[in-house]
Visitor: 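Here it is: the structure, laid out below.
These figures come from a predicted structure and were not determined experimentally. No hydrogens, no waters, no symmetry mates; every other heavy atom, side chains included, goes into these values.
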Amino acid sequence: MDKTWLITGASSGFGRGLAEKLLARGDRVIATVRRTGSLDDLVAQYGERLRVADLDVSEPDAVQATVDKAFADVGRIDFIVSNAAFGILGAAEETGIDQMRQIIDTNLLGSIVVIKAALPHLRAQGSGRIIQVSSEGGQIAYPGFSLYHATKWGIEGFVESLAKEVAPFDIEFMIVEPGPARTPFIGSIVQPDPIAAYDGTPAHDLKEAAFGGGWVIKGDPARMVDAMIAASDAPQMPFRLLLGSDAYAGVRAALTERLAVLEAGKDVTLAADFTEEELAAMQATV
């Protein structure tokens, strides 16, 4: 049966790719965009099966109103895709406080507010699936992307906890973690004013590679979108969906290193507890 999807950040990239493929197979899509008119071609092609709303997810009241209206207009929405986000590439010291607030308000708080706004409706209809588009950058970290990583690690922690809270209501989650892909993401990245002291350091080296053609991007966004849809359709969604060979290598290396550090510090870690004798003595005085 055809399904109904609400997708934020659908002007371009993964959001638009999802909308195109879902509409082509007969599903209904409510797409939010920041650029008015960016989906006019799809509206002309698919008519009433595509509804478009202008939305900046960094504005919580607008998010609530848009989500409420979407459910009121179509009744049931099967999938919520929280996708709107952008990047900042530069050393943390170079990043201004307004830039910090904007990326947190969009990528982290915006994603939280979208999901929170949908929860009462999903509970009322008895089920629903939420797909949070994160990044390999929710599991690993590159120099120069510290603020972006802060938002992606943050939203993954939020979803991990929330999934346990709403599981009794048959609300499911999937965190999608694409690696570098040939989307317009790089072109939309904010670059803070550089500090010369960082020339020749990892943060500036990565920026030069990203914008100078030295960063070979292997990820195919069309294949990634296909994988997202297939996982969303599965009888049970995977909780995490990592996409791309570079993402696999990077996340595997990071997790392996973390486990090694964990085991190396095991004796110190375990010694931080009360002893069994101390616990027994405390319990005896209760």
Visitor: Roughly how far, to the nearest 0.5 Å, is CZ of Arg25 from CG of Leu22?
Guide: 5.5 Å
Visitor: Check this for me: does any side-chain nitrogen of one of Lys152 and Glu177 sit under 4.0 Å from a carboxylate oxygen of the other?
Guide: no
Visitor: Is Arg28 close to Val74 at the side-chain level, that is, under 4.5 Å between some pair of heavy atoms?
Guide: no
Visitor: With Asp54, which residues qualify under salt bridge (Lys or Arg N to Asp or Glu O under 4.0 Å), at least two apart?
Guide: none
Visitor: Would you say the side chain of Leu6 lies within less than 4.5 Å of the side chain of Val67, judging by non-hydrogen atoms?
Guide: yes
Visitor: Using ring-ring contact (aromatic ring centres under 6.0 Å, His included) as the criterion, list what pairs up with Phe158, not counting sequence neighbours.
Guide: none
Visitor: How about Met174 and Val159: do any of their side-chain heavy atoms sit closer than 4.5 Å?
Guide: no
Visitor: Assigning hydrophobic clusters by single linkage (Ile, Leu, Val, Met, Phe, Trp, Tyr; side-chain heavy-atom cutoff under 4.5 Å), is Leu243 placed with Ile7?
Guide: yes
Visitor: Per the side-chain hydrogen bond (donor to acceptor under 3.5 Å, both in side chains) rule, what does the pair list look like for residues 243-255, sequence neighbours excluded?
Guide: Lys218-Asp246
Visitor: Under a 3.5 Å distance rule, please check whether Glu94 uses its side chain to pair with a backbone N or O of Ile195 as donor and acceptor.
Guide: yes
Visitor: Salt bridge or not between Arg35 and Asp40? Use side-chain N to carboxylate O under 4.0 Å.
Guide: no
Visitor: Quick one, Val43 with Arg51, criterion side chain to side chain contact (heavy atoms under 4.5 Å, CB included). Give me CA distance, side-chain angles, the key distance, then yes/no.
Guide: CA-CA 8 Å; Val43 173; Arg51 298 170 183 243; over 6 Å; no
Visitor: Between Leu89 and Val190, is there a side-chain heavy-atom distance shorter than 4.5 Å?
Guide: no
Visitor: Considering non-hydrogen atoms only, spot the tightest contact between Pro143 and Ala203 and give its length.
Guide: CB-N, 3.9 Å
Visitor: In the structure I gave you, are the side-chain heavy atoms of Ile88 and Tyr148 within less than 4.5 Å of one another anywhere?
Guide: no
Visitor: Starting from Phe274, walk the hydrophobic network (Ile, Leu, Val, Met, Phe, Trp, Tyr; side-chain heavy atoms closer than 4.5 Å) and list everyone else you reach, by chain and number.
Guide: Leu279, Met282
Visitor: Hydrophobic clustering (ILVMFWY, side-chain heavy atoms < 4.5 Å, transitive) - are Val166 and Val81 grouped together?
Guide: no
Visitor: Does this structure show an ion pair linking Glu263 with Arg258, if we count only N-O contacts that are shorter than 4.0 Å?
Guide: no
Visitor: So which heavy atom on Ala31 is nearest to which on Leu50, and how close?
Guide: CB-CD1, 4.1 Å
Visitor: Shared ILVMFWY cluster between Ile175 and Met224, side chains joined below 4.5 angstrom?
Guide: no
Visitor: Look at Arg182 together with Asp220 and state whether they make a salt bridge at an N to O cut-off of under 4.0 Å.
Guide: no
Visitor: Find out if a path of hydrophobic residues (ILVMFWY) with successive side-chain heavy-atom gaps under 4.5 Å connects Val133 to Phe239.
Guide: no
Visitor: Give me the other members of the hydrophobic cluster that Leu259 sits in, counting Ile, Leu, Val, Met, Phe, Trp and Tyr linked by side-chain heavy atoms under 4.5 Å, directly or via other members.
Guide: Leu262
Visitor: Return the minimal non-hydrogen interatomic distance between Phe14 and Ala181, and the atom names on each side.
Guide: CZ-CB, 3.9 Å
Visitor: Is there a side-chain contact between Val29 and Arg49 (heavy atoms, below 4.5 Å)?
Guide: no
Visitor: Answer yes when Asp98 and Arg101 have at least one side-chain N-carboxylate O distance shorter than 4.0 Å, and no when they do not.
Guide: yes
Visitor: For Ile140, does its backbone N or O pair with a side-chain atom of His149 as donor and acceptor, under 3.5 Å?
Guide: yes
Visitor: Would you find a donor on one side and an acceptor on the other, under 3.5 Å apart, between the side chain of Gln99 and the backbone of Gly96?
Guide: yes
Visitor: Would you name the heavy atoms of Thr183 and Gly13 that are closest together and state the gap between them?
Guide: CB-CA, 4.2 Å
Visitor: Just verifying a value: how many Å separate Tyr198 OH and Glu93 CD, rounded to the nearest 0.5 Å?
Guide: 3.5 Å
Visitor: Can you tell me if Asn83 uses its side chain to pair, donor with acceptor, with the backbone of Thr8 under 3.5 Å?
Guide: yes
Visitor: The criterion is ring-ring contact (aromatic ring centres under 6.0 Å, His included); which residues satisfy it with Phe79, sequence neighbours excluded?
Guide: Trp5
Visitor: Could you tell me which non-hydrogen atom of Asp78 sits nearest to which non-hydrogen atom of Lys3, and how far apart they are?
Guide: OD2-CA, 3.5 Å
Visitor: Do side-chain atoms of Ser161 reach the backbone of Gly157 as a donor and acceptor pair under 3.5 angstrom?
Guide: no
Visitor: Kindly state each residue pair satisfying salt bridge (Lys or Arg N to Asp or Glu O under 4.0 Å) with at least one member in residues 188-203, sequence neighbours excluded.
Guide: none
Visitor: When rounded to the nearest 0.5 angstrom, what distance separates OG1 in Thr201 from NZ in Lys207?
Guide: 9.5 Å
Visitor: Using a side-chain heavy atom cutoff under 4.5 Å and only I, L, V, M, F, W and Y, what cluster partners does Leu270 have?
Guide: none
Visitor: Looking at every heavy atom in both Ala24 and Tyr46, which two are closest together, and how far apart are they?
Guide: CA-OH, 3.6 Å
Visitor: Hey, what do you get for CD (Glu156) to CZ (Phe173), rounding to the nearest 0.5 Å?
Guide: 13.0 Å
Visitor: Which residues pass the ring-ring contact (aromatic ring centres under 6.0 Å, His included) test with Tyr142, not counting sequence neighbours?
Guide: Trp215
Visitor: Say you draw a straight line from CZ of Phe71 to OG1 of Thr66; how long is it, rounded to the nearest 0.5 Å?
Guide: 12.5 Å
Visitor: Judged by atom type as modelled, is there a donor-acceptor pair below 3.5 Å linking the side chain of Asp27 to the main-chain atoms of Thr4?
Guide: no
Visitor: Do the side chains of Arg240 and Glu160 get nearer than 4.5 Å, heavy atoms only?
Guide: yes
Visitor: Report the distance from atom OG of Ser134 to atom CG of Leu241, rounding to the nearest 0.5 Å.
Guide: 11.5 Å
Visitor: Please name all residues satisfying ring-ring contact (aromatic ring centres under 6.0 Å, His included) with His204, sequence neighbours left out, ordered by chain then number.
Guide: none
Visitor: Could you list the donor-acceptor pairs under 3.5 angstrom formed between side-chain atoms of residues 104-132 and any protein atom two or more places apart in sequence or on another chain?
Guide:
unit_1	atom_1	unit_2	atom_2	d
Thr106	OG1	Gln102	O	3.0
Thr106	OG1	Gln102	NE2	3.0
Asn107	OD1	Phe86	N	3.1
Asn107	ND2	Phe86	O	2.8
Asn107	ND2	Thr151	OG1	3.3
Ser111	OG	Ser82	OG	3.4
Ser111	OG	Asn107	O	2.7
His121	NE2	Asp68	OD1	2.8
Gln125	OE1	Ile77	N	3.4
Gln125	NE2	Ile77	O	2.7
Gln125	NE2	Ser127	O	2.9
Ser127	OG	Arg76	NH2	2.7
Arg129	NE	Glu172	OE2	3.1
Arg129	NH1	Ser232	O	2.6
Arg129	NH1	Ala234	O	2.7
Arg129	NH2	Glu172	OE1	3.4
Arg129	NH2	Ala234	O	3.0
Arg129	NH2	Pro235	O	2.7
Gln132	OE1	Ser82	OG	2.9
Gln132	NE2	Ser82	O	3.2

Visitor: Under 6.0 Å from the CG atom of Asp61, do we count more than 12 heavy atoms belonging to anything else shown?
Guide: no
Visitor: With heavy-atom distances below 4.5 Å as the criterion, would you say the side chains of Val57 and Leu55 are in contact?
Guide: yes
Visitor: Name all pairs fulfilling the salt bridge (Lys or Arg N to Asp or Glu O under 4.0 Å) condition that reach into residues 265-286, sequence neighbours left out, sorted by first residue then second.
Guide: none
Visitor: With clusters defined by side-chain heavy atoms of hydrophobic residues (ILVMFWY) lying less than 4.5 Å apart, directly or transitively, does Val52 cluster with Val63?
Guide: no
